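Working notes, structure below.
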Amino acid sequence: MAASFYLGDRLVGDSAPPLVVPEIGINHGGDVEVAKAMVDAAADAGAEVVKFQSHVIDDEMSHHAKDVIPGNADVSIYEIMAGCALDADEEADLKRHTESRGLIYLSTPFSRAAADRLESLGVVGYKIGSGECNNLPLIEHIAGFGKPIILSTGMNTVESVARSVEVIARAGVPFALLHCTNVYPTPPELVRLGAMSELAEAFPDAVVGLSDHSVTNYPCIGAVALGANILERHFVDDLTRQGPDVECSMDPRALTELIDASRIVWAARGGSKGPVAAEEPTIAFAFASVVAIADIGPGDELNATNLWVKRPGTGDIPAADLTALYGRRAAVRIPRDAQISWAMIDEA
């Protein structure tokens, strides 16, 4: 049976359309009212869920983080996160607003304190980012809550992901693994959809998906054809906003397009080769049957001079069996252009 789980009331797995997760993350810049506006934009675009990041700075980073500057920024990661972090009251307010719009509130906790805050807020599941994929103590702490986990696996190997999966499996919680490339933005040649398929093969108990940092929807759409059941992209209500993740974010129009496209591709994937019942009307006129191309008398030999194949395919003998009739004899008179039936052929 294919892996699946419920995130709140939403089924996630092969039997449901892909869950598209617009990650607002820290694109709000630490302004809870901006964050709410982005929730509204996502809801209006058709989202079922939005995802944020939960940062409790002192529990998340040591002072050494003040010396680390990300590749897509010019200030330290400490300064970035301190400027974008929402406090507990703001996050509670944001979650209430999100749920008032009918959306599932998801967030990535970057520390034990952040995870505890989210648990106190009553979230229905947890997203763990690629940077924490090999943070086994934090994963174990989050898995202890007994709720579904969506784990991004960027910058990790199948072997290192296996250690995290073992921790989650011990807790007995359902989980998803998202392939990810942590390059901002990610060029197409580094997306590597084959890695997602590799995760699916290595971890059959996992729902699989793609967390993408590309600048278009195409990799996500392609991922659905390969089995992705969760798609995550950064989201912003207006691409003119400033922020470290805006460059690889989708706007409301792109979000709506991704939701629509993912559902179309999901509906189209799978199946097996063979005719379907809905093709029967087309089969009737598109296929060919064996017909007489000359008048044939009783006892006449059937051959290439008096038999050929023509549409429609409603005759008794399909075109593929034409040559099986050569050398046999007609049992009755067959007029030109008649469809040949087995009853017209001498059994001898």
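Just so you know, these numbers come straight off a predicted model, no measurement behind them.
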Next on the checklist: Under a 3.5 Å cutoff, is there a donor and acceptor pairing between the side chains of E79 and S76?
Outcome noted: yes
inquiry  = Can you confirm whether the side chains of R336 and N306 place a donor and an acceptor under 3.5 Å from each other?
reply    = no
Side chains of I168 and L151: closer than 4.5 Å at any heavy-atom pair? yes
Requested in this report: Scan side-chain atoms only and decide if E119 and Y126 contain a donor-acceptor pair under the 3.5 Å cut-off.
Outcome: yes
Distance alone, cut at 3.5 Å: any donor-acceptor contact between the side chains of S130 and N156? no
Note to self: How about CH2 on W342, more than 12 heavy atoms from neighbouring residues, nucleotides or ligands closer than 6.0 Å, or not?
What the structure shows: yes
From the list N27, L106, V39, side-chain contact (heavy atoms from CB on, under 4.5 Å) with F52 holds only for V39
d(L302 CG, L325 CG) to nearest 0.5 Å is 6.5 Å
Rounded to the nearest 0.5 Å, the CZ atom of R233 sits from the OG1 atom of T216 at a distance of 6.5 Å
Item to check | Proximity of F203 and F175 rings by center, below 6.0 Å | outcome: no
Check your understanding: With a 4.5 Å limit on heavy-atom distance, are the side chains of T181 and H213 in contact?
Key -> no
Minimum side-chain heavy-atom gap L138-S111 below 4.5 Å = no
Side-chain heavy atoms of I345 within contact of R329, under 4.5 Å: no
Given the rule that I, L, V, M, F, W and Y join up when any side-chain heavy atoms are under 4.5 Å apart, are M155 and L177 in one cluster? no
task = Could you verify whether a donor N or O on one side chain and an acceptor N or O on the other, from K127 and S152, lie under 3.5 Å apart?
result = yes
Handout entry: Salt bridge present between E33 and K36 (N-O < 4.0 angstrom)
Key = yes
Can you confirm whether E280 is buried at CD, in the sense that more than 12 heavy atoms of other residues, nucleotides or ligands lie under 6.0 Å from that atom?
yes
With a 4.5 Å cut-off on side-chain heavy-atom distances among I, L, V, M, F, W and Y, is there a chain of contacts connecting V56 to I77?
no
>> Please determine whether the number of non-hydrogen atoms from other residues, nucleotides or ligands lying under 6.0 Å from atom OH of Y326 exceeds 12.
In response: yes
Check whether the side chains of S214 and T186 place a donor and an acceptor atom closer than 3.5 Å, and report yes or no.
-> no
Scanning both residues in full, the closest heavy-atom pair of A45 with I259 reads O-CD1, 4.0 Å
Side chains of H97 and D40: donor-acceptor distance under 3.5 Å anywhere? yes
For F287, look at atom CZ and say whether over 12 heavy atoms of other residues, nucleotides or ligands are found less than 6.0 Å away.
no
State whether a side-chain donor-acceptor pair under 3.5 Å links D116 with H141. yes
So CG of L94 and CG of L121: to nearest 0.5 Å the spacing works out to 10.0 Å
Rounding to 0.5 Å, atoms OH (Y78) and NE2 (H63) come to a distance of 10.5 Å
Using side chain to side chain contact (heavy atoms under 4.5 Å, CB included), reason through Q53 and H55 one step at a time and then give a plain yes or no.
CA-CA 6 Å; Q53 297 178 10; H55 297 280; 2.9 Å; yes
| query | Any side-chain heavy-atom pair from D316 and Q339 closer than 4.5 angstrom? | reply | no
When rounded to the nearest 0.5 Å, the distance separating CD1 of I80 from CD1 of I26 is 6.5 Å
Would N134 and R163 count as a side chain to side chain contact (heavy atoms under 4.5 Å, CB included) if you check the C-alpha gap in whole Å, the side-chain angles of each, and the deciding distance to 0.1 Å? CA-CA 8 Å; N134 56 19; R163 298 182 66 193; over 6 Å; no
**Message:** Could you see if I142 belongs to whatever hydrophobic cluster contains F110? Use Ile, Leu, Val, Met, Phe, Trp, Tyr and a side-chain cutoff under 4.5 Å.
**Reply:** no
Notebook entry, point to check: Is it true that E48 and R101 make a salt bridge, defined as a side-chain N closer than 4.0 Å to a carboxylate O?
Noted result: no
Quick one: do L103 and Y105 satisfy side chain to side chain contact (heavy atoms under 4.5 Å, CB included)? Show the steps, please.
CA-CA 6 Å; L103 306 185; Y105 182 89; over 6 Å; no
CZ/R253: more than 12 non-hydrogen atoms of other groups inside 6.0 Å: no
Legend entry - Sidechain N-carboxylate O distance under 4.0 Å for R241, D251: no
**Message:** Same cluster or not: M250 versus I230, using hydrophobic residues (I, L, V, M, F, W, Y) connected whenever any side-chain heavy atoms lie under 4.5 Å apart?
**Reply:** no
Margin query: Can you tell whether the side chains of E91 and R117 come within less than 4.0 Å, N to carboxylate O?
Written below: yes
The reported gap from OG in S289 to CD1 in I340 (rounded to nearest 0.5 angstrom) is 10.5 Å
query = Out of curiosity, does Y6 fall in the hydrophobic cluster containing V49 (side-chain heavy atoms, cut-off under 4.5 Å, transitive links)?
reply = no
